[in-house]
There are 2 protein chains.
Amino acid sequence: MRMSTKAQYAVRAMVNLNLHSEGQPVSLRDISLRESISLTYLEQLFVKLRRGEIVKSVRGPGGGYLLARPAKDIQVDEIIDSVEESLVPVSCMDQKNGCACEDQCVTHNVWHGLGEKIRQFLSSITLDDLTTEAKSKLKH
Amino acid sequence: MRMSTKAQYAVRAMVNLNLHSEGQPVSLRDISLRESISLTYLEQLFVKLRRGEIVKSVRGPGGGYLLARPAKDIQVDEIIDSVEESLVPVSCMDQKNGCACEDQCVTHNVWHGLGEKIRQFLSSITLDDLTTEAKSKLKH
DNA sequence: AAAGTAATTGACAGTTTTACTCAGGTATGC
DNA sequence: GCATACCTGAGTAAAACTGTCAATTACTTT
């Protein structure tokens with residue numbers, strides 16, 4: 001049971017973006033330098049974050065990325081969903097088309113319940129929460 | 001975020017073992033046939049389950065495995081721990097020796113909290129719960 | 001219009017992890 | 001003593017993960 005570094009990077013990058021934005025676009029290059037994440041890898045992530053309508057891009061000089069909506073309205077599970085990291089613990093339950101084993105699998109309910117707990121927890125935390133926390137840490 | 005098939009197999013095998021035991025040792029061969037899990041792979045898993053004191057072995061003809069304690073006292077998280085599947089979502093928090101990034105990482109608390117939720121949920125379910133559920137499913 | 005900046009895209013490669021198999025060995029009961 | 005069933009460690013193929021590279025497109029400023 002591991003959260004992929006892809007998901008971890010995405011969340012860290014989003015916090016960093018929000019922390020340094022203040023209404024202005026932030027370039028991936030800046031985030032790359034501050035968080036020590038390869039620029040080209042960030043690019044991959046932000047393509048997905050844009051499609052997930054978590055951020056919007058501004059092209060040209062002085063461009064970069066902005067939050068697509070207020071940080072309060074961005075939940076951690078949405079960030080992870082966007083980079084295509086499944087939160088459901090077993091593969092047979094992945095797709096929309098349900099799970100054939102539902103009636104047979106004894107253990108189905110365990111994983112299903114676990115998946116709901118995970119989502120529940122991650123959707124209770126917003127990007128704003130994390131940013132506020134980061135700010136208070138920086139002060140010390 | 002995926003539960004490995006190793007962990008899934010371990011839980012399934014344990015339910016199957018408990019379901020067909022009734023105080024008598026159950027051979028891995030039987031479990032293998034019923035659950036369609038390779039015998040040699042099961043052997044690997046049960047070495048770990050034995051070390052984790054989830055089951056005990058009986059050698060020789062007519063031998064097999066027995067629960068090491070009542071099914072009510074075996075929690076799902078213990079089964080998964082035994083087969084060495086980490087329940088902590090990020091690697092830096094894996095070992096006993098804590099996590100160096102605790103003070104810096106903004107996202108640390110998210111993953112830490114998530115790990116606790118996962119453990120909390122899986123420790124609330126016992127092997128007995130799953131076996132009872134399996135029995136009622138078989139009746140239909 | 002030209003030049004420079006930055007986002008965008010797709011293909012691809014190295015490494016690690018996973019999920020197993022194989023080939024033996026050891027203890028036990030009949 | 002032989003059949004049964006556990007026990008052990010090494011090895012391997014495939015998949016997933018983590019990233020890089022090269023080339024393109026879009027936009028802004030001069």
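Naming convention: chains lettered A, B, ... in sequence-line order (proteins, then strands); numbering from 1 in each chain.
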Rounded to whole Å, how long is the line connecting atom OH of Tyr65(B) with atom C1' of dT4(D)? 14 Å

Which salt bridge (charged side-chain N to carboxylate O under 4.0 Å, His left out) pairs, counting each pair once, include a residue from residues 119-128 of chain A, with sequence neighbours left out? Lys72(A)-Asp128(A), Asp77(A)-Arg119(A), Asp81(A)-Arg119(A)

Distance col, row Ile118(A):CD1 vs Met1(A):CE, nearest 0.5 angstrom, shows 3.5 Å

Any Ile31(B) side-chain heavy atom under 4.5 Å of Phe46(B) side chain: yes

Using a heavy-atom cut-off of under 4.0 Å over every strand shown, decide if Phe46(A) touches base, sugar-phosphate, or nothing. nothing

Going from CD on Gln8(A) to CZ on Arg2(A), what distance comes out if it is rounded to the nearest 0.5 angstrom? 8.5 Å

Tell me: CZ of Arg2(A) to P of dC17(D), nearest whole Å? 13 Å

Would you say that more than 12 heavy atoms from the other residues, nucleotides or ligands in this model lie under 6.0 Å from the NZ of Lys117(B), or not? no

Take the protein atom CG of Leu45(B) and the nucleotide atom P of dC6(D), then report the distance between them rounded to whole Å. 13 Å

With sequence neighbours excluded, what pairs up with Lys56(B) under the salt bridge (Lys or Arg N to Asp or Glu O under 4.0 Å) test? none

By nearest-nucleotide position on DNA chain D, the 5'-leaning member of Gly60(A) and Tyr9(A) is Tyr9(A)

Please identify each residue that fulfils ring pair (Phe, Tyr, Trp, His ring centres under 6.0 Å) with Phe121(B), with sequence neighbours left out. none

Quick one: Gln44(B) CD to dG11(D) P, roughly how many Å, whole number? 14 Å

Between Leu42(A) (CG) and dT18(D) (C1'), how many Å, whole number? 13 Å

Could you tell me how far apart Lys48(B) (NZ) and dT8(D) (C1') are, to the nearest whole angstrom? 12 Å

Residues that, via side-chain heavy atoms closer than 4.5 angstrom, fall in one hydrophobic cluster with Leu66(A): Val58(A)

Nucleotide range of DNA chain C lying under 4.0 Å from chain B heavy atoms: dA19(C) to dG29(C)

Just to confirm, is there a sub-4.0 Å distance from OP1 or OP2 of dC7(D) to any side-chain nitrogen or oxygen of Arg50(B)? yes

Could you state the atom-to-atom distance from CD of Glu43(A) to C1' of dA22(D) in whole Å? 12 Å

Taking the side chain as every heavy atom from C-beta outward, state whether Glu78(A) and Met14(A) have any atom pair closer than 4.5 Å. no

Here the residues of residues 12-40 of chain B within 4.0 Å heavy-atom distance, strictly under, of DNA chain C are Ser38(B), Thr40(B)

